[in-house]
Amino acid sequence: MEYNFREIEKKWHQKWVENKTYQVSEDDSRKKFYVLNMFPYPSGAGLHVGHPLGYIASDIYARYKRLQGYNVLNPMGYDAYGLPAEQYAIQTGQHPAITTVNNINRYREQLDKIGFSFDWSREICTCDPQYYHWTQWAFQQMFKSYYCNRVKKARPISELVKAFETNGTEGLDVACSEELKFTAAEWNAMSEKQQQETLMNYRIAYVGETMVNWCPKLGTVLANDEVVDGVSERGGYPVVQKKMKQWCLRVSAYAQRLLDGLDTIDWTDSLKETQRNWIGRSEGTEVRFKIKDSDVEFTIFTTRADTMFGVTFMVLAPESELVPTVTTEAQKAEVEAYLDATKKRTERERIADRRVTGVFSGSYAINPMTGEAIPVWISDYVLAGYGTGAIMAVPAHDSRDYAFAKHFNLEIRPLIEGCDVSEESFDAKEGIMINSPREGMNSCGLVLNGLTVKEAIAKTKEFVKEHNLGRVKVNFRLRDAIFSRQRYWGEPFPVYYKDGMPYMIDEDCLPLELPEVDKFLPTETGEPPLGHATRWAWDTVNKQVVENSKIDHQTIFPIELNTMPGFAGSSAYYLRYMDPHNDKALVSKQADGYWQNVDLYVGGTEHATGHLIYSRFWNKFLFDLGVSIKEEPFQKLVNQGMIQGRSNFVYRIKDTNTFVSLGLKDQYDVTPIHVDVNIVSNDVLDVEAFKNWRPEYNNAEFILENDKYICGWAVEKMSKSMYNVVNPDMIVEKYGADTLRMYEMFLGPVEQSKPWDTNGIDGVHRFIKKLWALFYSRQGEFLPSDGKPTKEELKSIHKLIKKVSTDIENFSYNTSISAFMICVNELSQLKCNKKTVLSDLIVLLAPFAPHISEELWEKLGHDTSVCDAQWPSFNEEYLKEDTVKYTVSFNGKARFTLDFPADADNATIEKTVIGHESSQKYLEGKSIKKVIIVPKKIVNIVIG
RNA sequence: GCUCGGAUGGUGGAAUCGGUAGACACGAGGGACUUAAAAUCCCUUGGCUAUUGCAGCUGUGCGGGUUCAAGUCCCGCUCCGAGUACCA
């Protein structure tokens, strides 16, 4: 009987739905396992063959864990808010909700063909009000919280208000935008508006006026991780810096915990390293410098406190608030011209054209160590956003300061013994200090000469602390996340404004639904697209606010017109899957208590500094609230590689319609042209299909080699424009889902990027047919029978059990599949038809090829789904060999291969070797010094 | 520039602790069955030399080193990929 995959796969898809095979619920009698894929953004292009790679890998693991007896949660959903649907809406007028639903349906159709064990009853979609209810709720909780550095936790803002009422800011240690100082009396005397403004300084979700990445073309701000090389990640439009009032999340408060948490999770080192760099912890010292002949003071941050004696100038960022203060009358015009010029440069230009620019402010600062007066400059190589926006410049030991000093002819003063700074600075943190202080230099008593750099830093820190010149400070590169987007297709903020200050809509009124608008562009007055939704503003928000918050009916409250960014909806979705239909809470205590956190998370590396930071932050916040019981959301993370396209080329002879085969192309002047990979097989072009591919090739002519047209090829990104997109539906149609699944895994390690090449798929398909042939003869006779397996049969299957079990744990699916091929070959050669052996084989195969496994499992007479079978365990007894081949070498030279008993030891080997004919000849007249048995069946004998 | 990966046949890739390369698969070549094709099965397949017997040399990006033994460890390079970039 033929292997009819179409019928089999259709049958089991139906049965799985009917029997709710993959629906799970909390079950305290079984251990849980939570497998999760990064949920997709449903794009209009549908899935290509690369998208399911990670889903297949995680599905195999999920099915494997289930066979081991775990209660496995394996959900799927959609990250449905996003720019493409909105851009499409702007162009065509089609509502993004419609586009999104269409795309989701298409995705679902494609996914269903591949046979995943997803529990679709838990499907979520970020644009569903039932879902974003909890995104809005979490945001409100952040608004109502501040971060206490003492307990290292988020706490209710009401606690902070109480503290202000009794003590003001006295003894406060909390995360804030800027250090404020006021007394209880001052606080109590503030108006409500002033109090609200003050609280903004401490809230975890706050409105802040910050420099943002503004993308004029998209009409919105972008987060740092959404900007790549100075242009927007989506669309590649220019991005400029702009000061704007925006919602922000105080991610920076969690910087240390985000860093520490990395040590507790099982992610790849490279991904952890990327996050560490992004968080960018640096330990240093803040030192105050006074401006000469003035009361003005400013603080700088340095990691090289040891170089205090080598400071020859100071630099402020152009955006620094101190700039107007330090600029003297005489320099005013020049400084203003410089500020103007820098403001005009986009970030992109600054990156592309890194020339040294700057201007002298006219003021001098006093070095607190030496009393020297040093010039204060302004330059855009100092960033306003990092540290204090001001630096002390040590040109001898910092390459940027060095370039600046050279350009403006400022003094360069070496501080490390033996370093040569005539050509470049000496940046390394090593060596012995000199000139600190220099002979004859005033000093306040600090002497660093003779110390190593490390010692000098420590000593200076102590000195600074003791003399109250500044403080020891840890700085992070991680910035607060900007949380407003001037777009339509995103979660609306559950916020209204009173007296210019934001207030939260009552929790009972959530979700605040996204209103309809008739235009998706900003309004004439420059407000975000939600500004078009005037009716909604009245009907929905004011009604909710007024009725539920018991506020004066006459008042019209403006509502927040921004929407939330893409990462809002994806930051806590893993919690929602645990309890997706709960309308009382994000997740019930019971569900969260059972599922805890994600045991295995699979997705691409492109989210390393975006989603994977934000959701860790978000989860830590919910952890502080007691909503999530695990501090880290994703215990183990596997990054699947990208599947690249394998493009094919034809070569057209210039100015003709004649195409020349690859091997002959060098004899002509040709242009390579991409050709659709779907009309090429094993690099041989289907000439007729090519003629029909496009009208202009209708009467194309060909110069063939060996009667074939051979195409060239290259590995490129899989994309429509390269004509190298391979669609999974087509593969399923031609070979079946089981073949697709196995082939995707057979292609190579999951973590590795590799090109898709449909050519190799026949090998996997053949394997499945061979497997089928173990069960059915060509005449359709069912072969399996009861009976005791032979030694060889047991050995073959137990070898496989051992291999596959360890391989799945290590995600080495490709080598597992090789092992299956070997085993099936062995069993066919042994003509094995023992039901026990074949049953084990089917269970092992079930995670990889679920459809054929279900079918054959049923045929073997089992009445439950193969999903509920038990993973077989192997028996070392069956794997033992009677004799073992040892390679024997003498002095590492002459080699023989000999058989020894499996349990041979030094003594028996020595005896046997000597007794052996060929070796005896070699050994004549020599004595054995020692016998070394090393693993892997090697014996070395040293003779002399 | 810095950080982290990687480089193995015509191709995708195996090789767990250093154990004597190239598993498995594709492709290619040859053969069987067939009127023919498809399907299936068998043989060969890193390179070079030898070939109606054995076999020999060479070989994991390049150059050194450690070791009885190196794709694997160490030192110095070349190239490729990813992340990051005035972070003081």
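Owing to the predicted nature of the structure, the values given are computational and were not obtained by experimental measurement. By convention in this document, chain letters (A, B, ...) are assigned in the order of the sequence lines, proteins followed by strands, and residues within each chain are numbered from 1.
OP1 or OP2 of U84(B) has not a single side-chain nitrogen or oxygen of Arg276(A) nearer than 4.0 Å. Distances shorter than 4.0 Å separate some side-chain N or O of Asn814(A) from OP1 or OP2 on A14(B). Within the structure, a side-chain polar atom (N or O) of Lys769(A) is placed less than 4.0 Å from OP1 or OP2 of U40(B). Between Tyr386(A) and the phosphate of A88(B), there is a side-chain N or O to OP1/OP2 separation shorter than 4.0 Å. In this structure, Arg766(A) reaches the C26(B) phosphate: one of its side-chain N or O atoms is under 4.0 Å from OP1 or OP2. For the OP1/OP2 pair of G13(B) and a distance below 4.0 Å, the side-chain nitrogens and oxygens of Gln752(A) include at least one atom meeting the criterion.
Phe848(A) contributes atom CZ, which lies 11.5 Å from atom CD1 of Ile56(A) (distance to the nearest 0.5 angstrom).
Each of Trp772(A), Tyr735(A), Tyr743(A), Phe746(A) was compared with His765(A) under the ring pair (Phe, Tyr, Trp, His ring centres under 6.0 Å) criterion, and only Tyr735(A) meets it.
In this pair, Phe811(A) and Tyr813(A) present their aromatic rings perpendicular. The plane angle is above 60°, beyond the 30 to 60° band.
A donor-acceptor pair shorter than 3.5 Å can be found between the side chains of Ser252(A) and Asp480(A).
The residue among Lys708(A) and Ser270(A) whose nearest nucleotide of RNA chain B is located toward the 5' end is Ser270(A).
The side chain of Thr815(A) lies closest to A15(B) when the candidates are G12(B), A39(B), A15(B). Taking every side-chain heavy atom of Arg477(A) into account, U84(B) is the closest of C24(B), A14(B), U84(B). Listed nucleotides U40(B), U3(B), A23(B) differ in distance to Arg778(A); the shortest reach to its side chain belongs to U40(B).
Applying the 90° cutoff around 0 to the glycosidic angle, G9(B) is assigned syn. Nucleotide C17(B) is shown with a syn base, its glycosidic torsion being within 90° of 0.
The aromatic ring centroids of Phe313(A) and Phe408(A) lie 6.0 Å or more from each other.
Both distances falling under 3.5 Å, in either a Watson-Crick or a G-U wobble arrangement, place A28(B) opposite U44(B). Nucleotide G76(B): paired with C62(B) (Watson-Crick or G-U wobble, both distances less than 3.5 Å).
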